[in-house]
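Comments concern the structure below.
Heavy-atom basis, side chains included; hydrogens, waters and symmetry copies ignored. Given the structure is predicted, the values throughout are model-derived calculations rather than measurements. Index from 1, following the sequence.
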Amino acid sequence: MRRALLSSFAVTTLVLGPGQLAVAEPVGGISPVMAGDGSSTVGATPELSNGEDVDSRAEALEAGKYWTAERMARAIPADNHLPAPPTGPARAAVPTGRPGSTPAASPTAIRPGGRAARVADTASVGKVFFKNPVNGKNYVCSAAAVNSPSKQMVVTAGHCVNTGGSKGTAGRWMRNWTYVPRYRDGSRPFGTFAAKHFRSFSGWTDHSDLARDVAMVTTWPLNNKKLVNVTGGHGLSWNFSQKQETTVFGYPGNHGKGKSQRVCRGKTRAAGASYSELRCDFGSGASGGPWLREYDEAKGLGRQNGVMSTRNRGGWNRTPYFDTAVKRLFDAQGRAT
């Protein structure tokens, strides 16, 4: 069985096995969209450190103010420290419907300091900062803006939004959650976008199932401007072959200490029916970063077909397979404003 180190999230959790982290406290205020299995989606209103809902622009500003330059610099790269999925026959995933894609969107205006993307530095990818309510520590992940009807959505890994649960005990939602597009060594060229609403799969929030380690987050507009209109947003793809020419972005701590974006390109392969993998050797800090089909270097945009989830000791990174359930997650969250 391939394994990585256990998550530093799990300071007060019980490790039950691969992909199963049981936490002690249930989450409140969740709103489910049921599908009858781990592909059901669960939503929640984000909270500040004190447990107050981020349900107004004032609270959104408070979430952003929490992240001083010092706190950002000291935040712990929080991902890829999860148990890797068990190995098995490298059989291909069975698509749950026809392949499909949604369109990307270019920014409607480029702010000063927000010039067009380069291959290793794109405005449509950023760094996520959050506080884990289980151990009270500050962490970082990666994420990407995805075009949707709301123009406010970010896609990241489920474990960058919720601690994950097991055996009837739901995971805890992260607090003071913010997204900083094209973060670079402390700079915030597009500002700090606070989370307005979370949505992930029940397979992750209730069972820590790495095959459902995906989350979509609606952000608050900043200065009356919506995220995708400011930075652009990727399209979304689902039910495609696991063998895809892919461009992966993220902020891995083992490359440049996570201070700037890194890029990895290659052809993915099947890693069982539930995962695709690519040997990027992206470590902690990269989880939540996008796996993109049809990446256009000139525009800095592609179609997101995966999300960074885990890394094994051989340097192979994995994404959950994006199937029809991911499209349902997109449909459930993409119109939320």
Side-chain angles (χ1 to χ4, degrees), residues 3-11 21 66-84 120-132 134-135 137-145 154-164 174-189 192-193 195 210 213-215 217 246-265 277-292 304 306-320:
R3 289 181 180 270
L5 296 175
L6 290 174
S7 174
S8 52
F9 290 173
V11 173
L21 303 178
Y66 175 84
W67 291 105
T68 62
E70 183 178 10
R71 281 178 172 148
M72 283 184 164
R74 293 185 177 182
I76 304 166
D79 40 68
N80 296 100
H81 285 189
L82 295 164
D121 188 8
T122 173
S124 54
V125 173
K127 204 164 187 176
V128 168
F129 296 86
F130 56 88
K131 186 173 186 177
N132 187 313
V134 175
N135 61 21
K137 294 182 179 180
N138 294 328
Y139 291 93
V140 295
C141 275
S142 302
V154 168
V155 176
T156 189
H159 67 266
C160 299
V161 168
N162 184 285
T163 60
M174 305 306 183
R175 293 180 171 179
N176 281 347
W177 199 100
T178 58
Y179 171 71
V180 181
R182 215 188 71 184
Y183 175 93
R184 187 193 298 149
D185 198 13
S187 68
R188 314 184 204 186
T192 303
F193 289 79
L210 288 167
D213 187 20
V214 183
V217 181
T246 300
T247 301
V248 178
F249 281 96
Y251 288 84
N254 60 333
H255 296 280
K257 297 182 179 180
K259 293 182 178 181
S260 60
Q261 289 177 24
R262 297 287 164 158
V263 64
C264 170
R265 289 180 288 186
E277 64 182 11
L278 186 63
R279 197 171 191 176
C280 291
D281 193 31
F282 276 14
S284 297
S287 270
W291 293 42
L292 303 168
Q304 186 159 352
V307 65
M308 185 69 75
S309 178
T310 61
R311 176 187 60 155
N312 69 16
R313 290 174 181 172
W316 287 89
N317 292 109
R318 286 185 174 180
T319 173

My understanding is that only residues two or more places apart in sequence, or in another chain, count here; which of them pass ring-ring contact (aromatic ring centres under 6.0 Å, His included) with Phe129?
Trp67, Tyr183

What's the separation between atom [atom1] in [X] and atom [atom2] in [Y], rounded to the nearest 0.5 Å?
X: Lys137; Y: Ile76; atom1: NZ; atom2: CD1; value: 5.0 Å
X: Met174; Y: His159; atom1: CE; atom2: NE2; value: 8.0 Å
X: Lys127; Y: Lys259; atom1: NZ; atom2: NZ; value: 9.5 Å

With no hydrogens and no angle check, is any side-chain donor or acceptor of [X] less than 3.5 Å from a backbone partner on [Y]?
X: Asn176; Y: Phe130; result: no
X: Thr178; Y: Phe193; result: no
X: Arg311; Y: Cys280; result: no
X: Gln261; Y: Phe249; result: no
X: Ser124; Y: Ala144; result: no
X: Arg182; Y: Pro189; result: no
X: Trp177; Y: Cys160; result: yes
X: Thr247; Y: Leu292; result: no
X: Asn317; Y: Asp281; result: yes
X: Tyr139; Y: Asn132; result: no

Return the minimal non-hydrogen interatomic distance between [X] and [Y], and the atom names on each side.
X: Val161; Y: Ala215; answer: CG2-CB, 3.7 Å
X: Ser287; Y: Thr156; answer: O-OG1, 4.4 Å
X: Lys131; Y: Tyr66; answer: CD-OH, 3.7 Å
X: Trp316; Y: Leu278; answer: CE3-C, 3.6 Å
X: Asp213; Y: Gly158; answer: OD1-N, 2.9 Å
X: Gly285; Y: Pro77; answer: N-CB, 3.6 Å

Side chain to side chain, [X] and [Y], heavy atoms closer than 4.5 Å:
X: Pro320; Y: Val307; result: yes
X: Ser142; Y: Met308; result: no
X: Val125; Y: Pro290; result: yes
X: Met72; Y: Asn138; result: no

Is it possible for you to check whether Arg262 lies under 6.0 Å from the centre of the six-membered ring of Phe282, through NZ or CZ, and within 45° of that ring's axis?
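The answer is no; the distance or angle limit is not met.
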
